[in-house]
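Written below as structure tokens is the structure these notes are about.
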Amino acid sequence: MANQELAKIFYEIADRLASEDVEFKPYAYQRAAVTLETLEEDVKEIYERGGERALKEIPGVGESIAQKIEEYLKTGKIKYYEKMKKKLPINLEELLKVEGMGPRKAKVLYQKLGVRDLKSLERAAKTHKIASLPGFGEKTEKNILEGIAFVKRSKGRFLLGYIMPTVEEIVGRLRELREIQNLSVAGSVKRMQETIGDVDILATSKDPKKVIEFFTAKMPGIVKIWGKGPTKASIRVKEGFDIDLRVVPEKSYGSALQYFTGSKEHNIKTRKIAITKGLKLNEYGVFRGSKMVAGKTEEDVYRAIGLPVMPPEIRTDEGEIEAAMAGKLPHLIGYSDIKGDLHCHSKWDGGLNSIEELAESAMQMGYEYIGISDHTKFLHIEHGLDEKKLSRQRKEIYELNARFKTQNKKFRILQGCEANIMPDGSIDIADDALAKLDYVIAGVHSQMKMPKEKMTERIIKAMKNPNVDIISHPTGRLIQKRDEYQIDFERILKAAKETGTILEIDSFPDRLDLKDANIRAAKEAGVKMVINTDTHAKDQMNFMKYGIAQARRGWAEKEDIINTRPVEGLLKFFK
DNA sequence: GCCGTTTTCGGCCCGACTGTTTTCAGTCG
């Protein structure tokens, strides 16, 4: 979609203007970029509908940016941007990933040393050409080298599911310290974003020094410590990411939590609201003149500026503040609302655990049911089940369910499968075999690079199959690895609504598919969803929380998600 | 460059840290 390409260009124009010390314009371009990035309608469609006039109705887009959008749609290029790139021919996007590198430094390094990209930056730093430049020094050079290593190692961001176990362990250890009164994660972890840059933790204490000492000495797996002061410190853990701890005064804990939780965009909006009420909001509190009027809790802070507390997952300035003002905040699905996991692979298709083991885990998690959904025969490599094996598996499930009944366990195993949607939209297994299952998941596992029109048709045809109840990982992306398939999501939603097909939110940390924007669109279209883990080993059933977070970030409520219902209610959603 | 229940002109969110300086620029969140 042109929106994303244009957003990227406008972000870069903003950075390039900043490198030239231009005032305020960078902010304008950035604003336009943010809006475009989250805009649901394709700018191309907006333009075709109403020309430049319609473009100017997009918030943050005025005369000049509208013209640039028009130019891009017509010619695929923006002369103003091309000129900028000629003037400063560097890969700014790549260079800015290095911590401590900003547009100004990048420009100087190009002018003095000809640095154009990560490679030439590394060469310049390694040959000690940077340290002697005015405004730079030994330390800067060293930081650049470390920054480059960091970018290379991690691409700068980590999957939430990768860092969360470590974060939970560290928070757990800190909680043991008597000197700590309040403790919370903040930042993107608190907002449960898909990927995390670094981890922020906030605490209050009567003895901040002791807390910092404990943090820098006793946390497991520390490889580096820096920024150590009386109330703060940063560590890097062996998993490769950074954790900042700040000890703040009790009276500012709420405002600090609000501030450090963000998002940045959410904070900008809340500060502006504060200003309209004659108040100033920062990480220390809410102030009228020099008088502090709130700060102890987030509730106090938001109340002071006339808002209710919003769930961290939706603090993105994508309408939550307006919803809060109107008293129309969604009642997001809760982390304990799920009653069963319907996408679990067993030993039958090469998963790690038996059906019985998976069922035991599900019971321990407090679920009322579990759905076994092994791959079907097209996926040889995953030991896909054919009609006969499905039939034998059914017998095993029947016997287990019978046993649970005699043991008075209120728990049921459902038999499903994860069938393959073939390139022509057909399903790789006979309809009468599918009809005998409790439900059928279908997903695309081959030929993922089909053109948009064909891929959309393919999935819609599968949804029209009277046995297909759920579409698994509907967009096929792998975060940081593979893009989504090309699909017309609006048409998919329409077909899902018409056929009563459920869309899955896959909780696997590198999938999280549907993504937040798609979930929000599905909810608005009245399409039901299911949150599953796509478990291949019983421990992975714990990924459920990431799927729930994803649903919350997409504003989903309990009633939008079918596996919040008891089994009888759940079964009603299946065709 | 954008925008308007204080404005069609004059403002744009805000504070802290780092590394370089000797009062500050650049970057970050």
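Keep in mind that this is a model prediction, so the values were computed, not measured. Labels below follow one simple rule: chain letters A, B, ... track the order of the sequence lines, proteins then strands, and each chain is numbered from 1.
Because its glycosidic torsion is within 90° of 0, B/dT7 is reported here as syn.
Contacts of A/G262 with the nucleic acid, taken as non-hydrogen atoms under 4.0 Å apart, are absent. Contacts of A/N143 with the nucleic acid, taken as non-hydrogen atoms under 4.0 Å apart, involve only primed sugar atoms and P, OP1 or OP2. At a threshold of 4.0 angstrom between heavy atoms, the contacts of A/K272 are confined to the sugar-phosphate backbone, with no base atom among them. Nucleic acid contact class of A/E23 (heavy atoms, under 4.0 Å, all strands): none. Among the protein residues, A/K280 comes within range of the sugar-phosphate backbone only, with heavy atoms under 4.0 Å from sugar or phosphate atoms but none that close to a base. Backbone-only engagement by A/I275 is indicated by non-hydrogen atom pairs under 4.0 Å involving sugar-phosphate atoms exclusively.
A/T270 has no side-chain polar atom (N or O) that falls below the 4.0 Å cut-off from OP1 or OP2 of B/dC13.
For A/F24 and B/dC12, the ring-to-base geometry satisfies the stacking test (centroid distance below 5.5 Å, interplanar angle below 30°).
Ranking B/dC13, B/dT20, B/dC2 by closeness to the A/K139 side chain, first place goes to B/dT20.
A cation-pi contact links A/K224 to A/W226, judged by a cut-off of 6.0 Å to the six-membered ring centre and 45° from its axis.
Of the C1' atoms belonging to B/dG10 and B/dC17, the separation is 31 Å, rounded to the nearest Å.
Each of A/R511, A/K545, A/E194 was evaluated against A/Q550; a single residue qualifies, A/E194, per the side-chain contact (heavy atoms from CB on, under 4.5 Å) test.
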Anything under 3.5 Å between a protein N or O and an N or O of nucleotides 27-29 of chain B, put it in a table, one pair a line.
unit_1: B/dT27; atom_1: OP1; unit_2: A/G102; atom_2: N; d: 2.7
unit_1: B/dT27; atom_1: OP1; unit_2: A/G102; atom_2: O; d: 3.0
unit_1: B/dT27; atom_1: OP1; unit_2: A/K105; atom_2: N; d: 2.9
unit_1: B/dT27; atom_1: OP2; unit_2: A/R104; atom_2: N; d: 3.2
unit_1: B/dC28; atom_1: OP1; unit_2: A/G100; atom_2: N; d: 2.7
unit_1: B/dG29; atom_1: N2; unit_2: A/Y259; atom_2: OH; d: 2.5
unit_1: B/dG29; atom_1: N3; unit_2: A/Y259; atom_2: OH; d: 3.2

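Taking all atoms of both residues into account, the shortest heavy-atom contact from A/K68 to A/Y29 is NZ-OH, 3.1 Å.
Using a 30° and 60° split on the angle between ring planes, A/Y162 and A/F158 fall in the parallel class, below 30°.
A 3.5 Å limit on both hydrogen-bonding distances identifies B/dC3 as the Watson-Crick or G-U partner of B/dG10.
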